[in-house]
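Please read the structure below before turning to the comments.
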Amino acid sequence: MLDPRYVRDNPEEVARLLLKKNFNLDIEQMQQLDSERRAVQTQAQNRRADKKRLSRQVGTLIGQGMTPEEARLQVTDQLAELDSELAALESREKELLARWNRFFMSVPNLPEEAVPEGKSEACNVELRRWGTPPRFDFTPADHVDLGAALGLDFNAGAKLSGSRFVVIRNKLARLHRALAQFMLDVQVDEHGYQECYTPYLVQSQALEGTGQLPKFAEDLFRTSTEGQHEPHYLIPTAEVSLTNLVRETVLDAQQLPIKLTAHTPCFRSEAGSYGRDTRGMIRQHQFDKVEMVCITHPSASARTLEDMTTHAEAILQKLELPYRVMALCGGDLGFGAARTYDLEVWLPGQQQYREISSVSNCRDFQARRMQARFRDPETGNPALVHTLNGSGLAVGRTLIAVMENCQDARGCIHIPEALHPYMGGVKVIERQT
RNA sequence: GGAGGGAUGACUGAGUGGUUGAAAGUACCGGUCUUGAAAACCGGCGUGGGUUAAUAGCCCACCCAGGGUUCGAAUCCCUGUCCCUCCGCCA
């Protein structure tokens, strides 16, 4: 959530920045809702103050020796009047507050000034490249064709669960596991993240904290509401579990930064992406990811975004996979992000770069929703932390990248050296047939 | 699945209808003392919102959440959520 006071005081600037993100802020509606809410709230508060004074009077009168009945009689007339007034005011107050909340919870984060203009991913700006796409003296196959003989089984996935699911077998499954282990080890051992194991099912509050709810319910898988339990949602990313670890806490300044990582499956309904990336395992309902989350002092988040990006890049470099770093334009930024870098890996089968990691600075947007704060030694008061998240990396897509970049003319996969310790001696994945 | 016990401020923990936003302790901040530090002593110390030029005052709300009883609720009643203990079942 944006700081409502800031929005109130700087509506034009806020609207201008939101427009960069393809979000049209209706200033008039916002101001009307905001001022109406405050007006009604002030009135209701004043009536409540009156009422409080009356009940205190009763207490005083009883203390002076009056019987409770007598004392009560002193205030009944005034009270009846107040009560009817209050009832009307309070129901309006409640309704306005709910509307106000819905409105402000649905406004995306402001992009930073440095974010490039642009409506769609076509306007993203390439910052740098690493590595050179491999040259083949044959036509490189994509991971679907390669995988057919190596244990990548989309039919089995469909049989069990429908479209956008996959079963992986044999050495390829081992490679998938090796990648996740390798990534987690690098982030923990080399970059100092704390390894976490977290729930894959969370409650709605957690998703509200990170911004998936209330706006993007259709992207999530929800458990049935059978019984009286609150529904659970499958996490669309470990960002939800890790970031919400600091929800409703006041941290010591010395605890910052907090660096967390976890390897989890992620579940996305992919509503609205029908027909996109239907071939292969680029876009699945279930995929594994190693996630990095940093909780920082507000002054450190810009720097941390750069650091986290290099932490994600380190994985690709160790795997010797060519990639480029993109600064997302305003129109391509996620709901909670103020600034995002995407890492795109080269896929020879598609002859293009495809997203494999996304690193975002959410500044205080999620922190405000979560009430995640630290005690600021300067003021002695709690202040909102900044939150950042990034993939380090998406495991499924990394598997694809390794397959396509490390294939040979026979359709075998040559495992990058960094993974050898994780592959139990296997250096080449041979075709089965 | 059965039986019971809980949820109070950054933390520990009192408090069962009337200036209680809430004792006490810890932590934290300021001061005295000290060469310095520690200890001791004194003082301060919740969050959100409204009003406002104000991070000054004043006001409202908040003792898990939502309803209710009452002139008045942290305290009584109902519902829900979460946590814990014991038994059963179970990866």
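Lettering follows sequence order; numbering is per chain, from 1. Since we're looking at a predicted model, the values are computed, not measured.
In this structure, A:Asp252 reaches neither bases nor backbone, as no heavy-atom distance under 4.0 Å exists between it and the strands shown. A:Arg368 comes within 4.0 angstrom of nothing in the nucleic acid, heavy atoms only. Residue A:Leu79 is classed as a sugar-phosphate contact, given heavy-atom separations below 4.0 Å to backbone atoms only. Within 4.0 Å of A:Pro382, counting heavy atoms only, lie sugar-phosphate atoms of the nucleic acid but no base atom. Residue contacts for A:Arg37: at a heavy-atom cut-off of 4.0 Å it reaches the sugar-phosphate backbone alone, with no base atom in range.
Distances from the side chain of A:Arg48 to the nucleotides B:C60, B:C71, B:G67 place B:C60 closest.
The base of B:G48 does not come close enough to the side chain of A:Gln371 for any donor and acceptor atom to sit less than 3.5 Å apart.
When both distances must be under 3.5 Å, the Watson-Crick or G-U wobble mate of B:G36 does not exist. In a base pair of the Watson-Crick type (N1 to N3 plus N6-O4 or O6-N4) or a G-U wobble (N1-O2 and O6-N3), with each distance short of 3.5 Å, B:C28 is matched with B:G44. Across every strand in view, B:G18 sits in a pair with B:C71 that passes the Watson-Crick or G-U test at under 3.5 angstrom. Searching all strands for a Watson-Crick or G-U wobble partner of B:C64 with both distances below 3.5 Å returns B:G80.
What separates CD of A:Gln41 from P of B:U52 is a distance of 13 Å, to the nearest Å.
With hydrogens and angles left out, the side-chain atoms of A:Glu239 and A:Gln366 include a donor and acceptor closer than 3.5 Å.
Nearer to the 5' terminus of RNA chain B, by closest-nucleotide assignment, is the contact made by A:Val250 (compared with the other of A:Val250 and A:Thr42). Of the residues near RNA chain B, A:Gln203 and A:Arg8, the one whose nearest nucleotide (by heavy atom distance) lies more toward the 5' end is A:Arg8.
The environment of CZ in A:Arg16 is crowded: more than 12 heavy-atom neighbours from other residues, nucleotides or ligands sit within 6.0 Å.
The ring-ring contact (aromatic ring centres under 6.0 Å, His included) search around A:Phe104 returns A:Trp100, not counting sequence neighbours.
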